[in-house]
Asker: 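Pasting a structure here, questions to come.
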Amino acid sequence: MTDYKDTLSLPKTDFPMKGNLARREPDMLQRWQEQDIYARIRQHRAGRKKYILHDGPPYANGDIHLGHAVNKILKDIIVKSHSLDGLDCPYVPGWDCHGLPIEHQVEKKIGKAGARVDARTFRDACREYARKQIARQNTDFQRLGVLGDWDNPYLTMNYRTEADIVRALGRMIEAGHLVRGFKPVYWCLDCASALAEAEVEYQDKQSPAIDVCFPVVDEDDLFGRAPGQCEDRGEGPVSVVIWTTTPWTLPGNQGVAFNPEFEYVVVQCESQRGRERLVLAEKLATSALHRYGMEDYRVLTSLKGTDLEGLQLQHPFYASHVPVILGDHVTLETGTGAVHTSPGHGVDDFNVGQKYGLPVSNPVADNGCFRDDTELFAGEHVFKANSHIIEVLIDRMRLLVETTVLHSYPHCWRHKSPVIFRATPQWFFSMDSRGLRAGALTAIGEVRWTPDWGSQRIYDMVNERTDWCISRQRTWGVPIAVFVDRQSGELHPDSTRLTELAAQKIEQSGIDGWFDLDPAELLGEEGGSYEKVTDILDVWFDSGVTHATVLEADGRLAFPADLYLEGSDQHRGWFQSSLLTSVGIRNQAPYRGVLTHGFTVDAKGMKMSKSLGNVIAPQKVMQTLGADILRLWVSATDYRNEMNVSDEILKRMADAYRRIRNTARYLLANLDRFDPDTDCVSAGDMLELDKWVLLETARLQEEIIRAYGEFQFHLIYQKLHHYCVVTLGGFYLDIIKDRMYTLQRRSLARRSAQTAMYHIAEAFVRWLAPVLSFTADEIWQHMPGQRPESVFLEEWYQEFPAVTIKDHWPRVIRVREEVSRELECLRTEGAIGSSLDAEVQLYCSGADRIALDYLGDELRFVFITSSADVYGETERPDDARQSELDGLWIKVTASAHAKCVRCWHRCEDTGVDPAHPELCGRCVLNVTGAGETRHFA
RNA sequence: CUAUGCUUGGUUCAGAUGGUUAGAACGACUGCCUGAUAAGCAGUAGGUCGUGGGUUCGAUUCCCACAGCAUUUUCCA
């Protein structure tokens, strides 16, 4: 048998089938860095319209997790796809550097500021710690294939940025949003310091539980509020009863809260103390009276909570009167349905107290002892004062009963000792005094939110939030660089100018420039009458004002941003802190659009946690499967919901990746030695099938570009993969194999297919680039023809030849599916193996007939059978089988002809040429003659 | 406890002013090919569209409740 293999044109390429991504991506990354690809893109896009995606700064602590990876990859996909749109898309990554978590890490290493080390040393250590964390995260982010200005990120701890944060605060002050107030915070008596919520842990604690009488000042007022006439008012003192586990908060009492919806009763009862009348929640009355040993009682009248608002009560041991107020936080779980309210000692109490304008009295000093001016209890430690307070209550006949209760109570995580709530002076941005809330709500309506429910979500949050407490009594942060009058506590009247002067100091030497500052330096002679505030800013302010400290201040970027993109938790975090400060400063949102993504969860939808053992580390994925697999997963997953990930899901992604990669490889292999400058066939000369695939490709590209624009990446993945599998693999590429392999290398028909594949490859590599960045770059290196150094410098491919066809193809494809099914029957019977062993006869009429006849003798190439003939529907023999298509009958048979060793078709003319007894006529023509001609497939 | 969102075959996604047998692809299974070969092609089997109500001639699609999950938030006097 003669070997005709040399006469074939088989695919050939150096592009490896296996990605080996984990091993090769780092090399490619290094090349990108060496060619400084990010800078080259900036040069290429200079002068183009800008698209600003502003990076939300991750916190500079710990290695990146999968959520970080998702976030950065989504950003990178958007930046790269918009760059393909022809826009100039700078990407400046940033880090959030100040704050408590870093302080904790540093405390573990060198001890607390002010204790073992001075504040300055401590801050230096924090700065150094943050720097190291950033370096680690920076490396990992780059490893993901994210392109950006990684050598020049923005850091909130850069001196210039620290100064600009102070300047932004100055602008908030200028706009009048900064106010001073009191707020209860967790306070550790052992630390003598406020605690952040993260520093509090709950443990069981034994506490006293007491029922205390608050006598009603005006009995007539009480009964007058009752509906209808109350004939029997009973006799004895009348009191509202409260239940509390913190007797020491009674000196701070400012009111008694009732639930507006509950029914309350006034009962007549009797004990050793004599006859008296008590006000209790109806549903708790029996159990409470039982507790007091007052089994016999009668209800005199009942009232609703709302009826009691404003009723004056006598404080149990002070001369003052306190009002009845209403609050939804009052429950029927325990107690009496009336809650003693001390705004200086509880968040609920504080909030409801704010509503009623109750004073925030805080009689407790830093050391946990009552202040000197506290009547009866001056100097006593709060917990030790409990028993004294109870004695006083007994003495004044205010105590009904004392028990103890075991309950969960907040403790200091360091000292394990119970903490208290204590009101302290703090700085706030007022939501309403200068219209901050109203302005923010308006601005929300002018932003495009993706998904759209984000708008409602942040609206509700802003609408209902309380004033923003921006002060922290901490060390590692940007100072609230203001002076207050020692007497009045008011801000210095020239604060705007002073803040700018402070900013200049900070710009020189960082935040220590403020902490080291002698007030006289800025205030001169009046320095003595003002106090330098040393509170620092909530870190949310640092990141919240990047629209000013970065977008406005950094020449690479611009204000406002086109897009902020973060996890959905940031509706309460960065999106809101950015919105409030931007509206506060210039009454405008800092972003035109906001996109949120869900959190990564495991295959069952459960959050990732060490205890569940379902954590997937991005570093590990990159080291095993490669960054492109991770990127493909991010793109394939609908980020609007939770994003499921597991080893199985990633394996599926790796499978899909291989298909995409191999499709590219096959295109490249068929373009072996193809020179687009000289070998492309003109649009008019191309074969019908090739024209069809180009039109399909151009149509798909439109869909892909639209999906990129709409941030619908998971659709892109689906379309792309479907295109590889169905359009190309299962149809086009399968059909053209015969033409590519057996026709003469330079024949028009073969060049036509190559022309199509060349255009496909050009478009395809660009579709891939935003997602499979490493792979796209690798493909780019193997593409034929002269081209720029990187696909990332490119725009979408627009050079598709203008072709037109009679589009009978959809119908042909349907028929082909039916033929495949019939062939499978024959194959199962063992009559044929390859489809080329078969001959097909079709019987149909109408449009089907027209479509099939159109392809004439070349229909068999579409079916990949040795022959395919079309007859009228009425001509069908009895053994033709009806297909699922109306009016289409199919008969397939095994060919009786000899197989051509070169093209594998079975033809009646195989062996007609004595010189080539194993070849069919077609192959003889292609090997020794002028070559065959094709028009359709 | 608050607010928001999600729930379609083993996996990832489509879908419809509500209307005939709910679509793909992957994976699985069964074969074919050996000229994309740790590839390629074909066929087959998988879903009562989270549960329960309601509206309707008819709901997976609209409404309500519930469950689970996620983010968020509050509280435990």
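Computed over heavy atoms, backbone and side chain alike; hydrogens, waters and symmetry mates excluded. Residue numbers begin at 1 in each chain, while the letters A, B, ... track the order of the sequences.
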Asker: Would you classify A:Arg902 as touching base, sugar-phosphate or nothing, given that sugar-phosphate means primed atoms plus P, OP1 and OP2, and contacts are heavy atoms under 4.0 Å?
Answerer: base
Asker: Checking base pairs now: Watson-Crick or wobble, both atom distances under 3.5 Å. What partners B:G43?
Answerer: B:C29
Asker: Tell me which nucleotide, if any, is Watson-Crick or G-U wobble paired with B:A24 when both distances must be under 3.5 Å.
Answerer: B:U12
Asker: Applying a 4.0 Å non-hydrogen cut-off, can you work out what A:Val339 is touching in the nucleic acid: base, sugar-phosphate, or nothing?
Answerer: base
Asker: Applying a 3.5 Å limit to both distances, which nucleotide forms a Watson-Crick or G-U wobble pair with B:G18?
Answerer: none
Asker: Just do the salt bridge (Lys or Arg N to Asp or Glu O under 4.0 Å) check on A:Arg860 and A:Glu839 with the steps written out, would you?
Answerer: CA-CA 8 Å; A:Arg860 61 193 171 112; A:Glu839 298 180 346; over 6 Å; no
Asker: Measuring from the side chain of A:Arg821 (C-beta onward, heavy atoms only), which nucleotide among B:G43, B:G31, B:G35 has the closest atom?
Answerer: B:G43
Asker: Among the candidates B:G43, B:A70, B:A38, find the nucleotide nearest to the side-chain atoms of A:Val601.
Answerer: B:A70
Asker: Which whole-number value in Å describes the distance from A:His345 NE2 to B:C76 P?
Answerer: 14 Å
Asker: Looking only at side-chain N and O atoms, does A:Thr7 offer a donor or acceptor that is under 3.5 Å from a partner on A:Arg902?
Answerer: yes
Asker: For B:A36, take OP1 and OP2 only and decide whether either is under 4.0 Å from a side-chain N or O of A:Tyr741.
Answerer: yes
Asker: Is there a side-chain contact between A:Phe575 and A:Thr596, using heavy atoms and a 4.5 Å cut-off?
Answerer: yes
Asker: Classify A:Thr828 by what it touches in the nucleic acid, base, sugar-phosphate, or nothing, heavy-atom distance under 4.0 Å.
Answerer: nothing
Asker: Among B:G40, B:U4, B:G35, find the nucleotide with the atom closest to the side chain of A:Leu8.
Answerer: B:G35
Asker: For atom P, what is the distance between B:U60 and B:U21, given to the nearest Å?
Answerer: 13 Å
Asker: In sequence, state the C-alpha distance, the side-chain angles, and the governing distance for A:Val645 and A:Trp633, and then conclude on side-chain contact (heavy atoms from CB on, under 4.5 Å).
Answerer: CA-CA 8 Å; A:Val645 64; A:Trp633 167 72; 3.4 Å; yes
Asker: Rounded to whole angstrom units, what separation is found between the CG atom of A:Asp734 and the C1' atom of B:U34?
Answerer: 14 Å
Asker: Within the 4.0 Å heavy-atom criterion, would you say A:Arg572 contacts the bases, only the backbone, or no part of the nucleic acid?
Answerer: sugar-phosphate
Asker: Any chance the side chains of A:His714 and A:Thr637 put a donor and an acceptor closer than 3.5 Å?
Answerer: no
Asker: Of A:Phe599 and A:Lys899, whose nearest nucleotide on RNA chain B comes first from the 5' end?
Answerer: A:Lys899
Asker: Determine the contact category for A:Met653: base if any of its heavy atoms lies under 4.0 Å from a base atom, sugar-phosphate if only primed atoms, P, OP1 or OP2 are that close, otherwise nothing.
Answerer: nothing
Asker: So A:Asp655, base contact, sugar-phosphate only, or nothing? Heavy-atom distance under 4.0 Å.
Answerer: sugar-phosphate
Asker: Examine B:C32: is either OP1 or OP2 under 4.0 Å from a nitrogen or oxygen in the side chain of A:Ser834? Give yes or no.
Answerer: no
Asker: Could you tell me the separation between the CD1 atom of A:Ile735 and the P atom of B:C33, rounded to a whole number of Å?
Answerer: 20 Å
Asker: How should the glycosidic conformation of B:G46 be described, syn or anti, under the criterion that syn lies within 90° of 0?
Answerer: syn
Asker: Indicate, with a heavy-atom threshold strictly under 4.0 Å, whether A:Gly730 touches base, sugar-phosphate, or nothing.
Answerer: sugar-phosphate
Asker: Looking for any heavy atom pair under 4.0 Å, which part of the strands does A:Ala636 touch: base, sugar-phosphate only, or nothing?
Answerer: sugar-phosphate
Asker: With rounding to the closest Å, how many angstrom separate the C1' atoms on B:U55 and B:C63?
Answerer: 7 Å
Asker: Applying a 4.0 Å non-hydrogen cut-off, can you work out what A:Asn644 is touching in the nucleic acid: base, sugar-phosphate, or nothing?
Answerer: sugar-phosphate
Asker: So, A:Asp628 and A:Thr775: side-chain donor and acceptor under 3.5 Å apart, yes or no?
Answerer: yes
Asker: Nearest whole angstrom, please: distance from the P of B:U2 to the CG of A:Asp569.
Answerer: 22 Å
Asker: Using a heavy-atom cut-off of 4.0 Å across all strands, would you classify A:Leu715 as base, sugar-phosphate, or nothing?
Answerer: sugar-phosphate
Asker: When you measure from the side-chain N and O atoms of A:Arg659 to the phosphate of B:A25, is any distance below 4.0 Å, counting only OP1 and OP2?
Answerer: no
Asker: Quick one, A:Phe214 and A:Pro316 - any side-chain contact, counting heavy atoms below 4.5 Å?
Answerer: yes
Asker: So, does A:Lys5 get its side chain near the phosphate of B:G35, meaning an N or O under 4.0 Å from OP1 or OP2?
Answerer: yes
Asker: Counting side-chain heavy atoms from CB outward, which of B:U12, B:C33, B:A39 is closest to A:Ile649?
Answerer: B:U12
Asker: Side chain of A:Asn662 only, please: which of B:A70, B:U11, B:A36 is the nearest?
Answerer: B:A36
Asker: Start with the C-alpha distance between A:His782 and A:Thr13, add both sets of side-chain angles, then the distance that settles side chain to side chain donor-acceptor pair (under 3.5 Å), and finish with yes or no.
Answerer: CA-CA 8 Å; A:His782 288 80; A:Thr13 179; 5.5 Å; no
Asker: Give one of base, sugar-phosphate or nothing for A:Thr637, where a contact means two heavy atoms less than 4.0 Å apart.
Answerer: sugar-phosphate
Asker: Using a cut-off of less than 4.0 Å, is there contact between a side-chain N or O of A:Arg457 and OP1 or OP2 of B:U72?
Answerer: no
Asker: Tell me the partner of B:A3, counting only Watson-Crick (N1-N3 plus N6-O4 or O6-N4) or G-U wobble (N1-O2 and O6-N3) with both under 3.5 Å; none if nothing fits.
Answerer: B:U71
Asker: Name the nucleic acid region contacted by A:Gly833, choosing base, sugar-phosphate or nothing; use a 4.0 angstrom heavy-atom cut-off, strictly under.
Answerer: sugar-phosphate
Asker: Would you say the side chain of A:Glu824 and the base of B:U44 hold a donor-acceptor pair, judged only by whether the two atoms sit under 3.5 Å apart?
Answerer: no
Asker: Considering only side-chain heavy atoms of A:Thr244, which listed nucleotide, B:A77, B:C26, B:G5, is closest?
Answerer: B:A77
Asker: Compare the minimum distances between each of B:C13, B:A70, B:A36 and the side chain of A:Asp638, then state the nucleotide with the smallest one.
Answerer: B:C13
Asker: Does the side chain of A:Arg706 pick up a donor-acceptor pair with the side chain of A:Gln712 at under 3.5 Å?
Answerer: no
Asker: Find the distance A:Tyr717:OH to B:A24:P and express it as a whole number of Å.
Answerer: 17 Å
Asker: Do the side-chain N or O atoms of A:Lys737 get closer than 4.0 angstrom to the phosphate oxygens (OP1, OP2) of B:G40?
Answerer: no
Asker: A:Tyr666 side chain: which of B:G10, B:G43, B:A36 is closest?
Answerer: B:A36
Asker: Please assess A:Asn71 against A:Glu566 for the test side chain to side chain donor-acceptor pair (under 3.5 Å), listing each intermediate value before the final yes or no.
Answerer: CA-CA 6 Å; A:Asn71 178 257; A:Glu566 305 297 332; 3.3 Å; yes
Asker: With a 4.0 Å cutoff (strictly under), does any side-chain N or O of A:Arg665 reach OP1 or OP2 of B:U37?
Answerer: yes
Asker: Would A:Trp904 pass as stacked on B:G35, i.e. its ring centre under 5.5 Å from the base's six-membered ring centre and planes under 30° apart?
Answerer: yes
Asker: Round to the nearest Å and state the distance from A:Asn641 atom CG to B:G50 atom P.
Answerer: 13 Å
Asker: Between B:C26, B:A3, B:A77, which one does the side chain of A:Asp460 approach most closely?
Answerer: B:A3
Asker: From the list B:G35, B:A77, B:G27, which nucleotide is the closest neighbour of the side chain of A:Arg652?
Answerer: B:G27
Asker: Go nucleotide by nucleotide along RNA chain B from the 5' end; which of A:Asp837 and A:His721 gets its closest nucleotide reached first?
Answerer: A:His721
Asker: Which part of the nucleic acid, if any, lies within contact of A:Lys651, taking any heavy atom under 4.0 Å across all strands shown: a base, the sugar-phosphate backbone alone, or nothing?
Answerer: nothing
Asker: For a quick check of understanding: with a heavy-atom distance under 4.0 Å over all strands, which category does A:Thr341 fall into, base, sugar-phosphate or nothing?
Answerer: nothing
Asker: Does any nucleotide pair with B:U51 by Watson-Crick or G-U wobble geometry, both distances under 3.5 Å, and what is it?
Answerer: B:A65
Asker: If the P atom of B:A25 is compared with that of B:G43, how far apart are they to the nearest Å?
Answerer: 9 Å
